[in-house]
Structures are given as C-alpha cells and as structure tokens.
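Below is one structure; the comments refer to it alone.
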Amino acid sequence: MNFLYLFVLVPLVMMGVIALLKDSKRIKQVMAVGATIQLLLSFVLLVKFLDLRAAGDTAEMLFTSTLAWYEGLNISLSCGVDGISVLMIILSAIIVFTGVFASWGMTEQVKEYFLWFLMLSIGVFGFFITIDLFAMFLFYEVALIPMYLLIGVWGTGRKEYSAMKLTLMLMGGSAFLLLGILGIFFFSGAETMNILEIAAKNNIPEVAQNWIFPITFLGFGVLGALFPFHTWSPDGHASAPTAVSMLHAGVLMKLGGYGCFRVAMYLMPVGAENWTTLFLVLTGISVIYGAFGAVVQTDLKYINAYSSVSHCGMVLFAILMLNQTAMTGAIMQMLSHGLMTALFFSLIGAIYGRTHTREISQMGGLMQIMPFLSVCWVIAGMASLGLPGLSGFVSEMNIFMGAFMHEDLFHRVITIVACASIVVTAVYILRVIGKILYGAVVNEHHRELTDATWYERIAAVTLIVFIAAIGCLPFFPTEIIGDSLGVIVSKF
Amino acid sequence: MYSDIIALMRPEFLLLAQIVFLLIYDLFVCECGKKYFDTIACGLFVVCSVISFYPFGGVTVFGDCFGGMFSTSEMSQIVKMILCLGALLVFLQSKTWLNDERIVGKRSEMYILTLSTLFGMNLMMSAGHFLLFYLGLEMASLPLVTLVAYNKWSKESVEAGAKYVLMAAFSSGMMLFGIALFYGSVGVEGMYFDAIRKYLMVQPIQLMALVFFLSGVAFKISLVPFHLWTADVYQGAPTNVSAYLSVVSKGAAVFALMFLSFRMFANVFVYWQYILATLIVLSITIGNLFAMRQTNMKRFLAFSSISQAGYIMLGMIAGTDMAMTSVVFYLLVYLVSNIGLFGVVSIIENKTGMLTISDYNGLYKTNPKLSLAMTLFLFSLAGIPPFAGFFSKFFVFMSAAEEGWYILVFISLINTVISLYYYLLVVKAMFITPNENPIEEVKSDCFSKIGLFICLACTILLGIFSCVFAFISDASFALF
C-alpha cells in the first residue's frame with residue numbers, strides 16, 4: 001500500500017473510533033493521539049522524500065501509485081507528491097495538530113464537532129496527495145461542506161449568515177472549477193485525468209486554454225480570496241470557532257493557491273500567459289484592499305481575516321509573476337501565512353474565551369494580565385509584517401524580488417503598489433498591539449483573568465517554533481520546492 | 001416456445017401472480033391472518049423480485065417475443081430492477097401509514113395498485129411497439145390516480161387525485177396525437193419502433209410528432225413547462241405515494257424516453273437534443289427558484305424533484321453509451337436519496353403530523369439519527385461528496401461535456417449552488433436554528449428502519465464503490 005494513503009486513512013479511522021466513543025475527554029485524547037500520529041507521519045514523509053531525492057530520484061512526483069476506480073471513465077485514485085505538496089502536507093498536519101489543542105476547551109457537542117473537523121482534514125490531506133483531477137475535486141468539496149455545520153453550529157456572531165455565504169460562494173467557485181476540469185480533460189485528449197499525463201501531453205489548444213484557464217483560476221481563486229470573490233472570508237473567519245478559523249485560513253485558503261498553481265498554471269501555461277494582466281490587477285487589488293480593510297476594522301477576527309485576504313492575495317500575485325523567485329516566494333508565503341494566521345486565530349480564540357469581547361477598544365494592557373499570550377501575539381504580528389528572522393520576511397522578500405524582475409512598466413507599477421501593502425500591514429499590526437497589549441487596562445474585570453492554559457501553550461509554541469524555523473532556515477524549504485517549481489516554471 | 005416466453009417475461013408474470021395472490025389472500029383470509037399482511041406482501045415481493053432477476057443458468061433472458069412486440073435486453077433488466085427496488089423501498093416505508101385506522105381495512109389495495117403500476121412500467125420498458133407502450137403507460141398511470149386519492153377523508157388528497165387524473169389524461173392525449181402522426185407518416189409497416197426508426201427523417205410532420213410525443217413524456221417526468229401539477233399533487237397525495245410518484249413513476253418515464261430516443265429517434269437526434277436542452281435549462285432553473293421559497297416540506301421536495309429531473313435529462317442529451325449509463329446511474333442514486341428523504345418526512349408526518357420546514361427546527365436535539373440520515377440524503381441530492389449524488393452528478397456533467405455542451409453544463413453547475421442553498425436551509429433548520437419545543441422523539445417501525453437503512457447504505461456506498469456503475473456501463477455498452 002502506498003504510504004500516502006495513510007494521510008487519509010488515519011483521520012478515517014479516527015472518525016470511526018470517535019463515533020463509538022461517548023466521553024468527551026476520551027474523544028479529545030483520541031484526537032490528540034491521532035493528530036500527533038499525523039504530524040509524525042508528515043515528517044516521516046519529508047525524510048523519505050529527501051532520502052529518495054538524495055538517492056538521485058529525479059521523477060517529478062514521488063510515491064506515485066494509481067488505484068483504478070471508475071475504469072470505464074478513466075478515473076483513478078492516483079496519488080503522488082512533489083516538494084510543494086510535501087510542505088503543504090506538513091503545514092496541514094501542524095495546523096490540525098494545533099487546532100486540536102486550540103479546541104480543547106470545547107464543551108458543546110464535542111463528538112460531532114470533531115467528526116466534522118476530521119472530515120475537513122480528510123479533504124485537505126486528500127487534496128494534497130492526489131494528482132488526479134477528479135479525486136482532487138472530490139477532496140476539495142469534501143473539505144468545503146463540513147465548514148457549513150462547523151460555523152453554523154459552533155460559531156459565534158452572525159454565524160448562520162456567514163456559514164451560508166461561505167458555503168455558497170465556495171461552492172460557486174467549485175462550479176467554475178468543475179467546468180474547468182471537464183474542459184481540461186476533454187480538450188487535452190488525455191486518457192486519464194492524471195495531471196502528469198495531461199501536463200506531459202500539453203496539447204490543450206490555445207483557444208480552449210483561453211477560456212478554461214480563467215474559469216479554473218477563478219474557481220480556485222475564490223478559495224484563495226481573489227478580490228471580487230473574497231467577501232466570504234471576513235464573515236466566515238469571524239464567525240467560525242477558533243480551530244476552524246485556524247484550519248480554514250491556515251490550510252483551506254492554501255488549497256486555492258495550490259490549485260491555481262498545480263491545475264491552472266501547470267496544465268494551461270499559454271492561457272496563463274494570456275490572462276496574467278487581468279488577474280494581476282485583481283490580485284493587486286486583493287493585496288492592497290485587504291490591508292486597508294484590516295486597518296479600519298475593530299474586531300480582532302475581522303482584522304485578521306482581512307489581513308488574510310491581503311496575504312493570500314500576495315500568494316496568487318506571486319504565482320502570476322511566472323518566474324522561479326516569485327513562485328518560491330508564493331510557496332513560502334503559503335507556509336508562512338498558514339502558520340502565523342493559525343497562531344493569530346488561536347490567540348484570538350484564547351483571548352476571546354477570557355474577555356468575551358473581540359473589540360479592540362474594550363481591551364487594553366493585556367501584556368500585564370496575560371504575558372504569555374501577549375508575547376505570542378507580538379511574535380505573530382512581527383512575522384506578519386515581515387520582520388527578518390521570522391517567516392514573513394522570507395516570503396515577501398522573494399515575492400517582491402521576483403516581481404521586480406519583470407522589466408515592463410505594468411509589472412513594475414503593480415509591484416510597487418502591492419509593495420505598499422507592507423507599510424499598511426505595519427499600521428494595522430502595530431495599532432492592535434499598541435491598543436490591546438500595551439497601555440492601561442481598560443476593563444478592571446480583566447485583571448482577574450488568567451494566562452494561557454497548557455493546551456493553548458502547546459498550540460502557540462508549536463506554531464512559533466515553525467515560524468521561526470522557516471525564518472531562520474529559509475534555504476531548507478526553498479531547496480525542497482526548487483526542483484518541483486522548476487518543472488512548472490520551465491513551461492513559461 | 002411457451003417456456004421461452006415465460007422465461008423472457010419472468011418479471012411480468014411474477015408481478016401478475018403477486019397481484020392475484022394478494023387479492024385472493026385479502027378476500028379469503030381471516031382477520032388474524034391479515035395482521036401479517038404487510039410482512040407477507042413485502043416478503044413476497046422480495047422473493048419474486050429475486051426470482052425475476054436472478055440469472056439462472058441456461059434460461060434465455062434477452063430476446064424478442066410476440067413478433068417483436070416485447071423485447072428485453074440487459075439494460076431493460078437493470079432498469080426493471082431499479083424500479084423494483086424503488087417500489088420495495090416505498091412498501092417498507094408505508095407500513096405506518098397503511099396501519100392508520102382509517103385505511104387499514106383496504107391496505108391490500110395499495111400493494112395491488114402499486115404492483116399494477118409496476119407491471120405497466122415493465123411493459124413500457126420492454127415495448128417494441130407503440131401499442132404495447134401505450135398500454136403500459138396507461139397501466140402505469142391510472143392506478144396511481146387511485147393511490148394519490150387514497151386518503152379519501154382528506155380534501156387535499158382527493159383534490160390531488162382529480163388533478164392527477166386530468167393531467168394524466170391530457171398528457172396521454174398529447175402523446176397519442178404524436179404517436180398518431182408517427183403512424184401516419186410511416187404508413188403500412190405499422191407502429192413497430194424499428195419501422196419508425198427506419199422511416200424517421202427530417203419531415204415537418206414527423207418533427208411535429210416528435211414534439212407532441214416529447215411533451216407527453218415531459219408531463220410524466222414533470223419537466224418545466226409541463227410541471228404545474230407536480231407541487232399540488234405531491235402535497236396532497238399521501239407522503240409515501242408522493243415518494244413513489246417522484247421516483248419510480250418519474251423514473252419509468254425517463255427510462256422509457258431514454259430507450260425510445262436512443263432506439264427510435266437516432267435519425268433526428270439533433271432536433272430532440274435542442275428541444276431537450278431548452279427543457280433542461282427551464283426545469284433546473286425554475287425548479288430551483290421555486291424550491292427556495294417553499295415552506296411546506298412536500299412542496300419543497302416536489303420542486304426539488306423537478307430540478308433533479310432536469311439533471312437526469314442532462315445526462316440524456318449527449319446520446320452516447322456513457323450518457324445512458326450516467327442517466328441510469330443518476331436515477332438509481334436519486335431514487336435511494338429521494339425515497340430516503342421522503343421516508344424521514346413520512347415518519348415524522350405519521351407520528352406528529354408536522355410538515356413545514358420550520359417544524360424541523362432543532363430536530364437534531366431530539367432525533368439525532370433521523371436528522372443525520374436526512375442530512376446525508378440532502379447532501380447526496382445536492383451533490384456533495386463522498387455521497388453517491390456527487391458521483392452521479394459528475395458523470396452526468398461529464399457525459400454532456402464530452403459532446404461539447406459546456407454552456408449547458410455551466411448553467412446546471414451554477415444551479416447546483418442554488419440547490420445547495422435550499423437543501424442547506426433544511427439542514428440549518430435541523431441543526432442550527434434554536435427551538436424551544438422541537439418535535440419530540442419519534443419512534444419508527446422496523447420496516448421503515450430497514451428501508452432507511454437500505455437507502456443510507458446505498459447513498460453512502462454507491463459512489464465509493466464503482467462496481468454498480470461498471471455493471472450498468474457494461475449493459476449500456478452492449479446496447480450500442
């Protein structure tokens with residue numbers, strides 16, 4: 001059996017075990033054990049992957065295997081990973097792991113919550129291990145639908161509205177996507193829906209690419225918070241329970257970027273080149289608009305959600321630059337944003353659980369009350385605004401360097417505009433830090449609050465370790481993804 | 001000679017035997033024997049269905065008889081099996097309803113009438129001649145009128161019966177007119193499908209016949225703009241009969257149309273394709289838009305089934321063997337999901353009489369299993385993986401896209417999002433909307449539990465395991 005199937009089977013087994021349990025404490029223990037196993041598995045995968053590469057295996061995808069499924073329709077469950085997906089799997093495993101600890105305090109309908117949560121993680125892992133268009137789409141949708149119930153039942157605020165909006169917009173995106181997938185399959189004349197085969201044939205006519213590329217890109221772009229279709233993100237993230245926000249902003253939004261990359265750009269390079277201008281403008285707007293949106297918000301979750309729009313916009317922006325440096329930046333940004341936004345959301349969850357408010361005007365001086373959480377917050381903020389030594393710097397540096405390599409006026413202008421978002425990021429990050437962490441204590445009742453519990457500490461420390469690791473050792477992930485990116489970049 | 005005929009028409013003869021047996025049993029058995037009537041009827045039906053379709057070695061199953069009037073193929077066997085499964089599931093769900101004291105005395109009629117419609121449908125599936133086809137059609141629709149008006153103390157039920165009989169007569173009339181035109185243009189060789197196929201070409205009179213014929217069938221499938229009866233009839237009819245109408249009766253019409261259009265209308269393929277495309281877009285869109293505004297569960301399901309009919313037809317439009325497979329598979333999946341849905345609704349209606357969507361608020365708190373089952377059925381209908389509905393939708397889209405119907409596929413895809421909205425409204429009512437007095441815990445009888453279990457198992461497994469699809473695919477491949 002292929003090693004990669006374990007990533008889907010482990011959560012599946014966990015679902016089965018949890019369905020049989022009644023005691024909520026037991027359920028959490030099972031979750032913790034399972035998530036740890038998955039985290040370990042993902043590192044085993046990394047080691048195995050590096051071993052194979054070191055042994056000189058230069059195949060594009062490693063661990064490939066095909067499980068025939070619908071033979072008459074040439075649909076199979078093919079899986080395989082390259083450097084990019086290995087990193088994405090590690091990212092997902094980290095976020096699922098920390099997400100379990102972030103939702104340790106959950107008391108209401110624990111069993112159902114974790115069952116849906118596991119279904120979400122099955123979708124995410126499945127998406128990253130498959131290289132078959134049909135299976136990819138299937139897992140993509142598996143990841144979407146639990147969101148509705150997770151937000152609707154366990155969320156806060158305008159949860160029904162947000163849940164419906166999020167689900168419908170993402171499903172709308174997937175409608176585009178499905179059309180794109182069918183178009184790719186039939187125009188490529190490939191025998192199977194395997195991405196590698198379609199890419200190797202590379203014979204989708206330009207006319208077809210010109211209409212299939214934009215709908216595929218849009219389809220994934222909705223999940224990556226591309227400008228006119230980003231509106232689900234602030235509402236959805238603001239209403240979702242902590243761990244779901246973490247997983248959604250941390251991993252699910254990366255599905256969008258990864259999909260754009262793996263399906264849209266890789267399979268339709270000509271279409272990509274023809275459409276870069278329009279999409280660059282849209283992603284540029286995402287970057288700037290998200291940053292400014294975050295500045296005017298007063299709810300912590302909204303601030304972070306808009307900042308996610310801005311940062312995820314940066315991922316798509318970098319992908320569209322079509323060169324190795326910027327694309328490296330894009331992948332690093334996916335990792336970096338995934339980790340730091342998860343950290344942010346877990347901290348917001350912890351703070352909100354204590355203060356019962358997310359309005360920045362109603363909090364102040366938290367540094368005196370809960371120093372651990374506050375310090376973590378500062379670290380996350382610094383990563384977000386790109387302090388060297390943390391992950392944000394590496395990715396933004398690569399992105400803007402790569403973007404500036406284009407010599408024409410249009411690319412230069414749009415890069416400068418996008419670059420300006422860094423300054424705006426500093427504004428909203430420092431504003432929040434100044435208002436809620438420092439200064440006088442606004443609400444005297446807050447003095448009675450306690451600092452982080454052990455499970456919140458586990459979540460935060462794990463995330464910080466990885467953020468710092470990427471910041472200090474950027475060459476390590478860069479090397480892993482280098483070859484895989486080279487294959488894609490060479491198409492342009 | 002006769003043994004061949006008996007072997008070929010095994011399902012039909014067995015259905016007839018059941019009808020006669022049940023009639024006699026009901027007349028001559030004492031009261032205490034009638035207590036087990038449901039069990040006997042269901043058991044007999046299962047046994048007979050197995051005998052009908054079990055591939056006994058050495059018995060001819062495929063071929064013609066009566067000079068080509070009646071013919072069976074692998075595909076028609078599969079289709080009959082699906083319809084039988086649907087009827088069985090409806091039987092299993094009907095027990096509580098049939099044991100209502102107001103109708104318990106005439107419950108045998110329900111079984112007899114349903115089996116008669118099934119008999120008619122089987123004739124339709126195997127017909128090689130318009131005469132037999134028409135006989136089957138009437139046989140399949142007239143008993144249904146009685147079933148729709150079964151709750152005769154209820155005004156709605158009787159009203160629905162009246163509407164249904166008018167509709168059935170009207171659509172049969174239209175269809176007959178179409179058939180007459182075919183006959184007129186073909187002439188002496190009569191109304192054998194093969195003869196019509198041979199002489200069918202692009203003549204105005206034949207195209208007109210085609211339009212009339214299609215309209216007649218569209219009434220049965222309740223495609224827009226021939227759908228106006230649907231919501232009223234579904235609402236008025238007893239819930240289990242609505243289930244039968246929405247799945248088995250609709251399915252039979254779809255299958256009949258499928259056989260005819262692939263066998264007979266192949267020459268004028270392009271023409272009916274465009275007619276069908278229009279009907280599909282209208283059905284999916286209008287069905288969806290109306291479903292969004294419904295508050296009554298049964299009306300809601302009626303409009304949802306209208307839009308589902310559009311998706312079924314979408315599979316037909318490509319006209320390939322893959323298309324045929326996807327239609328049959330879609331119908332199978334739709335059958336289990338929709339009957340399951342109606343099953344939950346009927347369990348709740350029978351126990352509490354509650355039927356509006358807002359009555360379902362907070363159902364999960366009191367009836368977690370029922371609401372979970374209902375959610376899965378709704379997700380399957382909406383096309384959410386990993387449930388079977390996702391696969392069937394995907395295959396339908398795939399078969400249409402293969403022939404280049406991208407715009408049509410796109411419109412349908414956008415509509416799946418709309419449909420997701422209203423399916424989620426029900427999910428929201430059950431899981432999210434708070435309610436002080438939710439429906440109390442409902443206990444269902446073991447028959448409906450078995451029925452729901454079959455539906456659930458099929459909804460979850462049909463997609464994940466590809467063997468059923470491969471089985472259908474082989475049969476449709478053999479037909480081309």
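These numbers were taken from a predicted model, which means no experiment stands behind them. So you know, we letter chains A, B, ... as the sequences are listed, proteins then strands, and number each from 1.
Side chain of B/Asn415 to backbone of B/Ile411: a donor-acceptor contact under 3.5 angstrom is found. Side chain of A/Glu191 to backbone of A/Asn74: no donor-acceptor contact under 3.5 angstrom is found. Judged by distance alone, with hydrogens and angles left aside, the side-chain atoms of A/Lys111 form a donor-acceptor pair with the main-chain N or O of A/Leu21 at under 3.5 Å. Proximity of a side-chain donor or acceptor of A/Lys159 to a complementary backbone N or O of A/Gly236 within less than 3.5 Å is not detected.
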Pair B/Val224-B/Thr285, side chain to side chain contact (heavy atoms under 4.5 Å, CB included): steps then yes or no: CA-CA 9 Å; B/Val224 177; B/Thr285 317; over 6 Å; no
Side chain to side chain contact (heavy atoms under 4.5 Å, CB included) between A/Phe220 and A/Leu226, intermediate numbers included: CA-CA 9 Å; A/Phe220 280 119; A/Leu226 187 63; over 6 Å; no
Evaluate the side chain to side chain contact (heavy atoms under 4.5 Å, CB included) criterion for residues A/Phe127 and A/Arg262: first the C-alpha distance (whole Å), next the side-chain angles of each, then the deciding distance (0.1 Å), finally the verdict. CA-CA 11 Å; A/Phe127 184 82; A/Arg262 176 75 77 217; over 6 Å; no
From CA spacing to verdict: ring pair (Phe, Tyr, Trp, His ring centres under 6.0 Å), A/Phe176, B/Phe410: CA-CA 8 Å; A/Phe176 281 94; B/Phe410 182 67; 5.4 Å; yes
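More than 12 heavy atoms of other residues, nucleotides or ligands shown are found within 6.0 angstrom of CZ on A/Phe187.
Within the 4.5 Å cutoff, no side-chain heavy atoms of A/Leu177 are placed close to those of A/Leu218. Using a 4.5 Å cut-off on side-chain heavy atoms (C-beta onward), B/Met313 and B/Ser283 make no contact.
At a heavy-atom cut-off of under 4.5 Å, chain A is reached by B/Phe397, B/Met398, B/Ala401, B/Glu402, B/Tyr406, B/Val409 from residues 397-409 of chain B, listed in order of number. Using a 4.5 Å cut-off between non-hydrogen atoms, the part of residues 132-157 of chain A that approaches chain B consists of A/Phe134, A/Phe137, A/Leu138, A/Glu141, A/Val142, A/Ile145, A/Tyr148, A/Leu149, A/Gly152, A/Val153. For residues 386-395 of chain B, the interface with chain A (any heavy-atom pair closer than 4.5 Å) comprises B/Pro386, B/Phe390, B/Phe391, B/Phe394, B/Phe395, sorted by residue number. Among the residues in residues 462-469 of chain B, those with a non-hydrogen atom closer than 4.5 angstrom to a non-hydrogen atom of chain A are B/Leu462, B/Gly463, B/Ile464, B/Phe465, B/Ser466, B/Phe469.
There is a side-chain donor-acceptor pair under 3.5 Å between B/Tyr330 and B/Gln308. In this structure, a donor-acceptor pair under 3.5 Å is present between the side chains of B/Ser304 and B/Tyr423. Between the side chains of B/Ser307 and B/Asn288, a donor-acceptor pair is found at a separation under 3.5 Å. For the residue pair A/Tyr5 / A/Ser65, a side-chain donor-acceptor distance below 3.5 Å is found, with atom types taken as modelled. A side-chain donor-acceptor contact under 3.5 Å links B/Ser476 and B/Thr325. Side-chain contact, A/Glu206 with A/Asn274: a donor N or O sits under 3.5 Å from an acceptor N or O. Neither side chain, B/Thr366 nor B/Glu441, offers a donor N or O lying under 3.5 Å from an acceptor on the other.
Residue B/Ile418: no heavy atom, backbone or side chain, is found under 4.5 Å from chain A. Interface remark: A/Met164 contributes side-chain atoms only to the contact with chain B (heavy atom separation under 4.5 Å).
Of the listed residues A/Glu71, A/Glu112, A/Met119, the one with more heavy-atom pairs under 4.5 angstrom with chain B than any other is A/Glu112. Of the listed residues (A/Ile122, A/Leu178, A/Ile181), the greatest number of heavy-atom pairs within a distance under 4.5 Å of chain B belongs to A/Leu178.
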